[in-house]
Novice: 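Would you mind keeping the following structure in view while I ask a few things?
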Amino acid sequence: MKRLLVLNFYPAAYPPTTGGELRYYNIYEELSKYFDVTLLSSTYPQPSVKIREHSKTFREYLVPQEMNVHGRIHNELKGKVGLEYSALVSALGSYYPNNHHQVFIQLYESSDIIIHESPFMIGYDLLLGLDAKPRIYNSYNNEAELAKQMWDGEDANKYIELFTKMEERLVKQVDLVFTVSEEDRKSFIKSYKIQEDKIKLAPNGIHPEQWNGIRLEKTNKSVSRHFLLEANIRQIIKLLILSSILLQTNARTLISLLLETAALPL
């Protein structure tokens with residue numbers, strides 16, 4: 001089995017409680033049927049690194065953020081960027097030596113393919129651009145463009161530029177970029193001027209059996225037109241899922257693309 005090492009700035013909590021956790025856990029749980037998967041994830045401050053064994057071929061190293069690094073950065077950024085900046089804390093934290101670097105070095109040698117779930121952990125991939133190991137950016141946003149929509153603080157522009165440089169370096173130095181939509185694919189090509197054949201579409205998906213028996217909401221005629229539109233959109237999405245139009249899982253596409261990538265010379 002080829003060994004995947006996956007870097008992310010948040011953990012694959014189980015059972016998942018957010019959309020990001022749901023995507024993160026289920027993709028790699030499925031991939032672990034075909035690959036040996038190790039997740040290297042950042043988590044909240046705790047006494048030591050923990051290893052969570054999901055199965056014989058699927059495990060997660062939970063590396064706690066450090067108060068003297070990540071805690072300090074978080075406090076310094078408060079009120080200067082926007083309401084949500086945990087990804088920025090992780091990105092800036094990689095500029096300072098911490099346990100995450102050490103665990104990456106420990107896991108690096110035995111890995112065959114390295115996957116980045118975002119550009120925010122690029123500072124921990126110490127040999128990016130220096131070795132011959134295949135790398136993949138399994139994106140779920142154009143992060144720089146998303147930051148432009150989210151941040152409006154006094155230092156926002158400075159850190160949007162940082163995200164742009166991080167993401168540009170990642171998309172140019174990895175072997176493949178996965179996007180969840182054609183819109184994101186076009187956005188990457190426009191933003192970073194990379195060749196189209198380097199970007200593959202790997203849409204999000206769901207496990208159909210988890211949606212059995214779902215009950216669609218009924219709309220109330222007395223509510224506003226705006227609410228009716230939102231409710232209708234939610235119902236359409238559910239109907240699309242139930243009618244199998246959106247049931248192709250990300251994992252199936254990733255398996256196919258990863259098998260191709262695994263054939264690259266190491």
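Predicted model, so just to flag it, every value in this text is computed and none were measured.
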Novice: Looking at Q195 and D197, would you say the former's side chain and the latter's main chain have a donor-acceptor pair under 3.5 Å?
Specialist: no
Novice: Would you mind reporting whether L4 and D36 have side-chain heavy atoms less than 4.5 Å apart?
Specialist: no
Novice: If we ignore angles and hydrogens, is there a donor and acceptor under 3.5 Å between the side chains of E167 and Y192?
Specialist: yes
Novice: Tell me the closest heavy-atom pair linking S42 and Q65, and the distance in Å.
Specialist: OG-CG, 3.3 Å
Novice: Evaluate the ring planes of Y25 and F58, with Trp represented by its six-membered ring, and classify them as parallel (under 30°), tilted (30 to 60°) or perpendicular (over 60°).
Specialist: tilted
Novice: How about I115 and F178: do any of their side-chain heavy atoms sit closer than 4.5 Å?
Specialist: no
Novice: Going from CG on L39 to CZ on R52, what distance comes out if it is rounded to the nearest 0.5 angstrom?
Specialist: 9.5 Å
Novice: Taking only residues at least two apart or on different chains, which pairs with a member in residues 126-150 satisfy ring pair (Phe, Tyr, Trp, His ring centres under 6.0 Å)?
Specialist: Y137-F188
Novice: Closest heavy-atom contact between K172 and I194?
Specialist: CG-CG2, 3.9 Å
Novice: Consider only side-chain heavy atoms of I, L, V, M, F, W and Y, link residues closer than 4.5 Å, and tell whether V49 and M67 are in one cluster.
Specialist: no
Novice: Check whether the side chains of T179 and D184 place a donor and an acceptor atom closer than 3.5 Å, and report yes or no.
Specialist: no
Novice: Does any pair with a residue in residues 152-163 pass salt bridge (charged side-chain N to carboxylate O under 4.0 Å, His left out), and if so which ones, sequence neighbours excluded?
Specialist: E161-K165
Novice: Quick check: do M1 and R3 have side-chain heavy atoms less than 4.5 Å from each other?
Specialist: no
Novice: Within a strict 4.5 Å, meaning less than it, do heavy atoms of the E84 and S86 side chains meet?
Specialist: yes
Novice: Is the closest basic N to carboxylate O distance between K33 and E30 below 4.0 Å?
Specialist: yes
Novice: Is a side-chain donor or acceptor of R185 paired with a backbone partner of I199 at a separation under 3.5 angstrom?
Specialist: yes
Novice: Measure the spacing between CG of L5 and NE2 of H116 and express it to the nearest 0.5 Å.
Specialist: 8.5 Å
Novice: Taking 4.0 angstrom as the limit, do E143 and K148 come out as a salt bridge?
Specialist: no
Novice: Of all the heavy-atom pairs spanning N142 and S191, show the shortest one and how long it is.
Specialist: ND2-OG, 3.4 Å
Novice: Classify the ring geometry of F9 against F120: parallel below 30°, tilted from 30° to 60°, perpendicular beyond 60°.
Specialist: perpendicular
Novice: Does some side-chain heavy atom of H70 sit less than 4.5 Å from a side-chain heavy atom of P64?
Specialist: no
Novice: Measuring from atom CD of Q106 to atom CG of N99, what distance do you get when rounded to the nearest 0.5 angstrom?
Specialist: 10.5 Å
Novice: Do the side chains of R135 and D125 get close enough for a salt bridge, i.e. N-O under 4.0 angstrom?
Specialist: yes
Novice: Around L130, counting heavy atoms of other residues, nucleotides and ligands shown, do more than 12 lie under 6.0 Å from its CG?
Specialist: yes
Novice: Tell me if the centroids of the rings in Y85 and H74 come within less than 6.0 Å of each other.
Specialist: yes
Novice: Look only at the side chain of K2 and the backbone of S111, and say whether a donor-acceptor pair between them is shorter than 3.5 Å.
Specialist: no
Novice: Determine whether a donor-acceptor pair (N or O, by modelled atom type, separation under 3.5 Å) exists between the side chain of N75 and the backbone of G71.
Specialist: yes
Novice: Using the ring of Y96 (Phe, Tyr or Trp, six-membered ring only), decide whether R72 places NZ or CZ under 6.0 Å from its centre and within 45 degrees of its axis.
Specialist: yes
Novice: Less than 4.5 Å apart, any side-chain heavy atom of L126 and any of H101?
Specialist: yes
Novice: Between CG of N98 and CG of N68, what distance do you get to the nearest 0.5 Å?
Specialist: 8.5 Å
Novice: What closest approach, in Å, do L176 and V174 show between heavy atoms, and which atom pair accounts for it?
Specialist: O-CG2, 3.3 Å
Novice: List for me each residue that meets side chain to side chain donor-acceptor pair (under 3.5 Å) alongside T57, sequence neighbours excluded, and say none if there are none.
Specialist: none
Novice: So, for R23 and S139, which heavy atoms are closest and what is the spacing to 0.1 Å?
Specialist: NH2-O, 3.3 Å
Novice: When you compare the side chains of Y10 and T18, does any donor N or O come within less than 3.5 Å of an acceptor on the partner?
Specialist: no
Novice: Should we say atom CD of E183 is surrounded by more than 12 heavy atoms from elsewhere, each under 6.0 Å from it?
Specialist: no
Novice: To the nearest 0.5 Å, what is the distance between CE on M121 and CG on N8?
Specialist: 7.5 Å
Novice: If we ignore angles and hydrogens, is there a donor and acceptor under 3.5 Å between the side chains of T38 and R59?
Specialist: yes
Novice: So how far is it from I122 CD1 to S94 OG, rounded to the nearest 0.5 Å?
Specialist: 9.0 Å
Novice: With a 4.5 Å cut-off on side-chain heavy-atom distances among I, L, V, M, F, W and Y, is there a chain of contacts connecting Y95 to I160?
Specialist: yes
Novice: What is the minimum heavy-atom distance between K133 and E109, and which atoms define it?
Specialist: NZ-O, 3.4 Å
Novice: Mind checking whether N138 and Y28 have side chains closer than 4.5 Å, heavy atoms only?
Specialist: yes
Novice: In the structure I gave you, are the side-chain heavy atoms of I73 and V69 within less than 4.5 Å of one another anywhere?
Specialist: yes
